[in-house]
Amino acid sequence: MLDTIPLHRRERLKIETRRALATHLMSANADQIRWKLVWEFMEEYRWEPGETRIGLLQDEPGPTGDVRWDSLLAALAEHLLAQADLAPPAWVEARVLRRAWFPAELAIHRVDALAWAPAAFRKHGVYVSVQDSAAA
């Protein structure tokens with residue numbers, strides 16, 4: 001389907017889609033689909049020029065309808081900006097879970113997440129395993 005859209009429009013469509021990640025997460029009916037959307041965002045993010053990458057993370061996304069995913073988006077933005085040696089935007093400060101979230105289903109991955117989750121994710125109460133954080 002994307003092959004029928006002119007290249008300049010495809011690029012704009014990808015950026016618009018990534019900016020609407022929170023909306024897509026809200027409409028997804030299963031965590032498996034939500035993770036797929038996050039990984040797709042990450043894959044597209046990697047292909048963007050540096051200036052565009054930073055711009056994608058500065059604006060606060062709308063609520064997803066689930067505080068866990070809202071916190072994950074904040075942690076992801078903070079983590080990616082830290083990799084670029086940049087401070088996080090102010091909006092991430094309000095998205096911190098009161099109770100830790102371990103998205104991994106297996107106990108061994110939860111232990112792994114407790115020990116190895118990146119600092120930005122721990123700060124927001126989101127404990128992702130090494131496999132999950134490697135994608136970020």
For this session: Start with the C-alpha gap between His124 and Val92, add the side-chain angles, then the distance that decides, and say whether side-chain contact (heavy atoms from CB on, under 4.5 Å) holds.
Result: CA-CA 9 Å; His124 290 276; Val92 304; 4.0 Å; yes
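- Val128 is not listed as a side-chain neighbour of Trp116, based on a closest heavy-atom distance of 4.5 Å or more.
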Problem set entry | Derivation and outcome, side-chain contact (heavy atoms from CB on, under 4.5 Å), residues Leu56 and Glu44 | CA-CA 11 Å; Leu56 289 171; Glu44 292 296 327; over 6 Å; no
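- The backbone N or O of Glu48 lies less than 3.5 Å from no partner atom in the side chain of Thr52, so there is not a single donor-acceptor pair.
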For this session: Evaluate the criterion side-chain hydrogen bond (donor to acceptor under 3.5 Å, both in side chains) for residue pair His79 and Gln83; output intermediate values, then yes/no.
Result: CA-CA 6 Å; His79 176 72; Gln83 288 180 337; 3.2 Å; yes
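- With Asp70 contributing its side chain and Pro63 its backbone, the two residues share no donor-acceptor pair below 3.5 Å.
- Taking every heavy atom of both residues into account, Leu81 and Pro89 meet most closely at CD1-CD, 3.3 Å.
- Taken to the nearest 0.5 Å, the CZ atom of Arg34 stands 8.5 Å off from the OG atom of Ser27.
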For this session: Begin from the C-alpha positions of Lys123 and Glu93 and carry the test salt bridge (charged side-chain N to carboxylate O under 4.0 Å, His left out) through to its verdict.
Result: CA-CA 10 Å; Lys123 174 183 169 187; Glu93 295 303 319; 3.2 Å; yes
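- In this structure the side chain of Met26 never reaches within 4.5 angstrom of the side chain of Asp66, judged on heavy atoms.
- Side chain of Arg95 to backbone of Leu72: no donor-acceptor contact under 3.5 angstrom is found.
- Between Ala22 and Gly62, the shortest heavy-atom distance links the atoms CB-O, 3.0 Å.
- Rounding to the nearest 0.5 Å places CD1 of Ile33 at 10.5 Å from CD of Glu40.
- Judged purely by distance below 3.5 Å, without hydrogens or angles, the side chains of Trp39 and Glu43 never pair a donor atom with an acceptor atom.
- The closest side-chain heavy-atom distance from Val126 to Phe102 is not below 4.5 Å.
- Judged by distance alone, with hydrogens and angles left aside, the side-chain atoms of Trp91 form a donor-acceptor pair with the main-chain N or O of Gln58 at under 3.5 Å.
- Taking CG of Leu73 as the reference point, atom CG of Leu25 lies at 5.5 Å (rounded to 0.5 Å).
- Judged by a 6.0 Å distance limit and a 45° cone about the ring axis, Arg53 is positioned over the six-membered ring of Tyr45.
- Hydrophobic clustering places Trp35 together with Phe41 (ILVMFWY residues linked when any side-chain heavy atoms are closer than 4.5 Å, directly or through intermediates).
- Clustering ILVMFWY residues whenever any of their side-chain heavy atoms sit less than 4.5 angstrom apart, transitively, puts Val111 in a cluster other than the one holding Trp101.
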For this session: Determine, stepwise, if the pair Met42 / Leu80 fulfils side-chain contact (heavy atoms from CB on, under 4.5 Å).
Result: CA-CA 10 Å; Met42 290 303 306; Leu80 293 172; 3.7 Å; yes
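- Cluster membership check: Val96 does not share its hydrophobic cluster with Leu57, using side-chain heavy-atom separations under 4.5 Å among Ile, Leu, Val, Met, Phe, Trp and Tyr.
- With rounding to the nearest 0.5 Å, the separation of CZ in Phe121 from CG in Leu76 is 5.0 Å.
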For this session: Kindly indicate, with the supporting measurements, whether the criterion side-chain contact (heavy atoms from CB on, under 4.5 Å) is fulfilled by Asp31 and Trp69.
Result: CA-CA 10 Å; Asp31 281 349; Trp69 289 93; 3.4 Å; yes
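- Side-chain heavy atoms closer than 4.5 Å link hydrophobic residues (I, L, V, M, F, W, Y) into clusters, and following such links, even through other members, never connects Tyr127 to Val38.
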